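Everything on this sheet refers to the single structure shown next.
Numbering starts at 1 and runs along the sequence shown. Keep in mind that what you see is a predicted model, and the values were worked out from it rather than measured.
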Amino acid sequence: MGQHSHAEELRNAHGKKLAALALGAIGIVFGDIGTSPLYTMKETLGTHGMTPQPMAVLGVLSLIFWSLLMVISLKYVTFVMRADNKGEGGIMALMALAQRSVAGSPRARWVLAAIGIFGASLFYGDGVITPAMSVLSAVEGLEVAAPSLETYVLPICLVILVALFAIQRHGTEIVGKAFAPVMIVWFLVLAWLGLRQLVDHPQVLYALNPVYAVRFFMEHGKQAFIALGGVVLALTGGEALYADMGHFGKKPIRLAWFFFVLPALLINYFGQGALLLHDPSAIENPFYKMVPESLLYPMIALATASAVIASQAVISGAFSMTREAMSLGYSPRMAVVHTSHEMSGQIFVPWVNRLLLVLVVLAVIGFRSSNNLGAAYGIAVTGTMTMTTLLALVVARYRWHWHWSAVITVGVIFLITDLAFFGANALKIAHGGWFPLVLGVVIFTVMTTWRRGRDLVVREIKQSGLALEPFVANISDHPPLRVPGTAVFLTANQNSVPHAMLHNLKHNKVLHERNVLLTVEMLETPVADYDERMEVIEYGGGFYGLQLRYGFAEDPNIPASLGRAGAKGLDFDMMDTTFFLSRENIVADARRPGMALWRDKLFAFLARNAMPATAFFQIPGNRLIELGAQVEI
């Protein structure tokens, strides 16, 4: 009896925790996709020469319904979310997982890196367009409530966005507590607005039949293909479901999606369709036209709050992706500020925040309306979706060991869908789709240049270094003056003598009693396992090698790690330890093989402005000696 009651208590506790996580996911994960009803129907049926004729309305609704099922429910929630990297999601985590799956093939790893980096670069484009699009769409409700307020839409939008980015440094912990209740109210209101229309015009439910989607293409031809560029707006935020998996887990996200978010979205879309069947003129803004006149201003406030939450999720995602890119070696080091003592994932990257703010403001001023921004929105989303599919298929084949027939079948289904959406949005490149593409290409260039540049620097250091073993033997035969204490030399190569050690010996004519060659390795997993975090090698003569390993979602803290080195037989007294580091001065040389001269110069510029490695590794400045070293690439 006691065992039975204890098991029941455990089940109840597990159920409560699951429910709490599902509620949290509603507040954080679904903001982007949850605000898509604000603009999707208007963008699909109200532009590009489309008119809200009954068959067109039913056709578009059918496309939205089956796209949500195919892309979000089947692809992301069921298939892609299986590809977790020790619980972490997102395209950078997926790229690292796919690379580990083909560890024996350098060429395949390079191709997968290119795919992952380009997908991540487009995600930053999404991070610019989402806040601008969501907030503009919400505030444009003022034009419905009072057309005379149209001139105030843009200034109000800019004030909200500047305030949103200004509060980022304070973190999302406090604001986050209000996210779930606001979004729950938002989804309930979405369903209520849709139900009011569905009751009056239930014939709109015919659109559940995919035949209407097929007829829409047969009757409208090219216009129907162009309309896919609007339909994809209903899918924005699919990447967020996967990226935030590490914060909430698969099951809570799946529960929240299938039993709350998806039904609310579908009811609202079908409600907008029912309104358009009855009143085609409502295409001007079908979402706000569903709202009773007396509730318009409260609805605008709620929509704006939801849009801010949607934007917050994307901005936080950009911060997290930047930290992962830094750890994996694809981004220059930047300052990372932790905004929560409980949640390690809640971070603030000041440089990224400033850049996003400038770009978002430029997007709002340049495009001026959600209609114009709609052309720019889809290209970034569909590009990232396609890259995610490719990486997930590699994981399915080489990590899950799916048969080729299964991989090809799933790949054909998902890639045809992704490429159809991407192709439809590619038609809009001249009308604004160029913006996230140009942004993505710039970020891709920076990330690949930084990675290639670092590889060239490490190669140059290794080639110019002295072999360690003969050096240690020579020191034993001809000992220099040894001074008390421990010297820690940061190096990328355990087999050669660090430049800082040679400079110290050459100019100061001394060595410390104990010299530790420290190498830091960032792994392709989010968190390093306990038994792989540290490795100690004794070379003799007071020389040691120490290798520290961190996951890409961790913050490397060298002093804290050295404090635990005693368990490996290497005790450190931090007051008696001095850190030595070679600070490379990068010189671009066109005669050397590697990169084009302009990329060499770009890398040198990035290296000069990157956060020092010592600060990134949290080494105290009063225990540090930096020695300069010129490196030509």
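With Ser62 contributing its side chain and Ala207 its backbone, the two residues share a donor-acceptor pair below 3.5 Å. Judged purely by atom type and a 3.5 angstrom limit, Gln272 uses its side chain to pair as donor or acceptor with the backbone of Pro37. Counting only distance, with no hydrogens or angles, the side chain of Tyr330 and the backbone of Ala113 share no donor-acceptor pair below 3.5 Å. Listed for the Thr236 side chain is no donor-acceptor partner under 3.5 Å among the backbone atoms of Val232. Within the 3.5 Å criterion, the main-chain N or O of Gln197 finds no donor-acceptor partner in the side chain of His201. Remark: side-chain polar atoms of Lys250 are not paired, donor with acceptor, to backbone N or O of Asp84 under 3.5 angstrom. Side-chain atoms of Thr44 do not come within 3.5 Å of backbone N or O of Met41 as any donor-acceptor pair. The main-chain N or O of Val349 is never found under 3.5 Å from a side-chain atom of Asn353 such that the two would form a donor-acceptor pair. A donor-acceptor pair under 3.5 Å is formed between the side chain of Thr78 and the backbone N or O of Ser73. The main-chain N or O of Val77 is found under 3.5 Å from a side-chain atom of Arg254 such that the two form a donor-acceptor pair.
When the shell of 6.0 Å around OH of Tyr206 is examined, it contains 12 or fewer heavy atoms from other residues, nucleotides or ligands.
Applying the side chain to side chain donor-acceptor pair (under 3.5 Å) test to Gln99 and every residue at least two apart in sequence or in another chain returns nothing. In this view, Thr40 and Tyr269 satisfy the side chain to side chain donor-acceptor pair (under 3.5 Å) rule, not counting sequence neighbours. Residues that satisfy the side chain to side chain donor-acceptor pair (under 3.5 Å) test with Ser137, not counting sequence neighbours, are absent from this structure. In this view, Tyr124 and Thr322 satisfy the side chain to side chain donor-acceptor pair (under 3.5 Å) rule, not counting sequence neighbours.
The line from CD of Glu554 to OG1 of Thr525 is 8.0 Å long, rounded to the nearest 0.5 Å. Distance check, rounded to the nearest 0.5 Å: OG of Ser331 to CZ of Arg323 gives 13.0 Å. Between Phe552 atom CZ and Met92 atom CE the span is 8.5 Å, to the nearest 0.5 Å. Leu241 CG to Lys75 NZ: the interatomic distance, rounded to the nearest 0.5 Å, is 11.5 Å. Considering CG of Leu393 and CZ of Arg397, their distance stands at 12.0 Å, rounded to 0.5 Å. Remark: Thr417 OG1 to Leu74 CG distance equals 9.0 Å, nearest 0.5 Å.
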Take Trp186 and Ile309, measure what side-chain contact (heavy atoms from CB on, under 4.5 Å) needs, and give me the verdict at the end. CA-CA 11 Å; Trp186 170 254; Ile309 292 170; over 6 Å; no
Under the side-chain contact (heavy atoms from CB on, under 4.5 Å) rule, what do Ser134 and Leu38 come out as? Steps first, then yes or no, please. CA-CA 8 Å; Ser134 300; Leu38 281 168; 5.8 Å; no
Between Met183 and Phe30, does the side-chain contact (heavy atoms from CB on, under 4.5 Å) criterion hold? Intermediate values first, please. CA-CA 8 Å; Met183 291 309 297; Phe30 297 104; 5.7 Å; no
Please report the C-alpha distance between Lys289 and Leu275 in whole Å, then the side-chain angles of each, then the deciding distance to 0.1 Å, and finally whether the side-chain contact (heavy atoms from CB on, under 4.5 Å) criterion is met. CA-CA 8 Å; Lys289 291 291 185 180; Leu275 174 64; 3.7 Å; yes
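No option in Glu140, Glu284, Glu143 other than Glu140 meets the salt bridge (Lys or Arg N to Asp or Glu O under 4.0 Å) test with Lys42. When the options Asn85, Val394, Thr388, Leu390 are evaluated for a side chain to side chain contact (heavy atoms under 4.5 Å, CB included) with Leu94, the one that passes is Thr388.
Counting only residues at least two apart or on different chains, the side-chain hydrogen bond (donor to acceptor under 3.5 Å, both in side chains) pairs with a member in residues 398-410 are His403-Ser405. Applying the side-chain hydrogen bond (donor to acceptor under 3.5 Å, both in side chains) rule to pairs touching residues 108-122 yields Arg109-Glu524, sequence neighbours excluded.
Listed here is the closest heavy atom pair of Ala310 and Thr130: O-CG2, 4.3 Å. Minimum interatomic distance between Val360 and Val128 (heavy atoms only, all atoms of both residues): CG2-O, 3.4 Å.
Inter-residue side-chain proximity for Ile184 and Phe260 is flagged as met; some heavy-atom pair is nearer than 4.5 Å. Taking the side chain as every heavy atom from C-beta outward, Val135 and Val364 never approach each other to under 4.5 Å.
With respect to the salt-bridge test (charged N to carboxylate O, under 4.0 angstrom), the residues Asp455 and Arg451 qualify.
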